[in-house]
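Sequential numbering from 1 along the given sequence is applied to the chain's residues. The basis for the numbers below is simple: all heavy atoms, side chains too, and nothing from hydrogens, waters or symmetry mates.
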Amino acid sequence: MTKLALVTGASAGIGREACALFALEGYRVIALSRQPSGVEFTDLEMALDLESFEKIEGLAGALEAEIASAERVILVNNSGYGQFGALRDLSEAMWQKQFSTHVFGPIKLASVCLRLCEQHGVPLRVIAVSSVLSIAPQKMKGAYCAAKSAMNAAHDSFWFDEQGSKSLKSVSLVLPGPVATRFREHALAALQPVLRLASAVHREKYEAMEAALAPGARMKPFTASALDVANKIVRAAEAARPKPRYLVTPQSYIAAFITRVMPHSVQRRILR
């Protein structure tokens with residue numbers, strides 16, 4: 001019997017680092033990515049399309065054999081990207097993809113894994129990689145902030161829904177601030193279709209955002225590495241009593257304090 005780690009968004013960044021750490025901890029590691037790319041330290045790679053419930057359900061057959069032979073399973077819902085832009089400028093498809101990637105798909109995958117774990121009497125822990133922007137929204141990033149906030153609420157609700165399950169042992173969320181990955185590169189690519197249709201009223205904000213996302217742009221202070229976040233993921237997987245939230249970077253700790261103790265009117269002045 002082996003420990004099994006299922007990691008989404010495993011082709012780069014946080015997901016790739018998490019795969020490496022799980023392998024070092026003796027896990028059998030399955031990397032789940034839209035386009036499998038030969039991730040090191042993994043035992044198996046599978047294609048995953050979080051925008052299709054049918055395709056997620058289609059993984060059940062392959063996952064069942066893995067889960068049936070595991071002593072416990074860790075699911076890391078790590079896939080994500082940032083769709084930035086003023087909310088008035090985003091298309092329905094952009095909204096749909098953000099929520100499919102961060103909310104609908106991850107919860108469906110967690111549901112499939114839980115069903116299989118219950119069938120075979122295997123314990124399951126779910127860990128989702130969220131963002132500081134899920135609790136402290138910023139201008140011009142509303143769709144991403146909303147999707148990450150919904151990710152938090154959906155995973156918490158999943159935990160509450162399944163309190164009667166003998167298999168679901170914990171659900172944890174990891175909230176990093178800025179991380180040195182290809183996130184900005186992907187966010188800049190996702191912004192391009194918005195720029196072609198954007199209203200002129202936000203032109204200066206878009207120019208500033210493009211400059212901040214551009215290759216070679218200055219990193220924000222206290223930017224974490226992908227390994228820093230991966231370490232928190234593995235900590236949640238290995239903890240005797242996993243916490244509901246794991247914060248990464250000073251920005252996350254500060255945002256958690258501000259949103260916990262300050263009135264909303266004060267929060268808006270600080271966070272705007």
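- Side-chain N or O atoms of Arg125 include none that pairs as donor or acceptor with a backbone N or O of Ser170 at under 3.5 Å.
- Within the 3.5 Å criterion, the main-chain N or O of Ala86 finds no donor-acceptor partner in the side chain of Lys205.
- Residue Glu92 places its CD atom among 12 or fewer non-hydrogen atoms of other residues, nucleotides or ligands, all under 6.0 Å distant.
- With a 4.5 Å cut-off on side-chain heavy atoms, Gln192 and Arg196 count as touching.
- In this structure, Thr249 contributes its side chain and Thr223 its backbone to no donor-acceptor pair below 3.5 Å.
- Closest of all the heavy-atom pairs between Val122 and Ser167 is O-OG, 3.1 Å.
- Side-chain contact between Gln98 and Tyr81: present, with at least one pair of heavy atoms (C-beta onward) separated by less than 4.5 Å.
- Counting heavy-atom neighbours within 6.0 Å of Glu54 CD, excluding the residue itself, gives a total of 12 or less.
- Note that the CG atom of Leu63 and the CD atom of Glu57 stand 10.0 Å from one another [nearest 0.5 Å].
- For the atom pair Leu191 CG and Met140 CE, the distance stands at 7.5 Å (nearest 0.5 Å).
- Between the side chain of Asn231 and the main chain of Asp228, no donor-acceptor pair closer than 3.5 Å is present.
- Of all non-hydrogen atoms in Ala239 and Tyr246, the two that sit nearest each other are CB-OH, 4.0 Å.
- Residues Lys148 and Leu133 form no side-chain contact, since every pair of their non-hydrogen atoms from C-beta on lies 4.5 Å or further apart.
- Scanning all heavy atoms of the two residues, the minimum distance from Leu124 to Cys113 falls at CD2-C, 4.2 Å.
- In this model, a donor atom of one side chain and an acceptor atom of the other lie less than 3.5 Å apart for Ser165 and Glu118.
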Assess whether salt bridge (charged side-chain N to carboxylate O under 4.0 Å, His left out) is satisfied between Arg72 and Glu238, documenting all intermediate values.
CA-CA 11 Å; Arg72 65 187 178 109; Glu238 291 287 291; 2.8 Å; yes
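- Between the Thr8 side chain and the Asn78 main chain, a donor and an acceptor come within less than 3.5 Å of each other.
- No donor-acceptor contact under 3.5 angstrom links the side chains of Asn152 and Ser149, judged on distance only.
- In this structure the side chain of Met151 never reaches within 4.5 angstrom of the side chain of Ser131, judged on heavy atoms.
- Without hydrogens or angle criteria, Thr42 side chain to Glu45 main chain gives no donor-acceptor distance under 3.5 Å.
- A salt bridge is absent between Glu17 and Lys232: the closest approach of a Lys/Arg side-chain nitrogen to an acidic carboxylate oxygen does not fall below 4.0 angstrom.
- Distance alone, capped at 3.5 Å, places no donor-acceptor pair between the Asp89 side chain and the Leu195 backbone.
- Shown here is Gln35, whose CD atom has no more than 12 heavy atoms of other residues, nucleotides or ligands within 6.0 Å.
- When all heavy atoms are compared, the tightest approach of Thr259 to Ala255 is OG1-O, 2.8 Å.
- Other residues, nucleotides and ligands contribute only 12 or fewer heavy atoms inside 6.0 Å of the CZ atom of Phe41.
- Counting only heavy atoms from C-beta outward, the side chains of His120 and Glu64 approach each other to under 4.5 Å.
- Taking OG of Ser134 as the reference point, atom CZ of Arg245 lies at 7.5 Å (rounded to 0.5 Å).
- Using a 30° and 60° split on the angle between ring planes, Tyr144 and Phe84 fall in the perpendicular class, above 60°.
- When all heavy atoms are compared, the tightest approach of Gly82 to Phe183 is N-CE1, 3.5 Å.
- A 4.5 Å side-chain heavy-atom check between Met219 and Arg184 finds at least one atom pair inside the cut-off.
- Ser11 places no side-chain N or O within 3.5 Å of a backbone atom of Pro36 that could act as its donor or acceptor partner.
- Between atom CG of residue Leu227 and atom CG of residue Leu21 there is a gap of 5.5 Å, rounded to the nearest 0.5 Å.
- By the 4.5 Å heavy-atom criterion applied to side chains, Thr101 and Gln83 are not counted as neighbours.
- Using a 4.5 Å heavy-atom cutoff, the side chains of Leu48 and Arg34 are not in contact.
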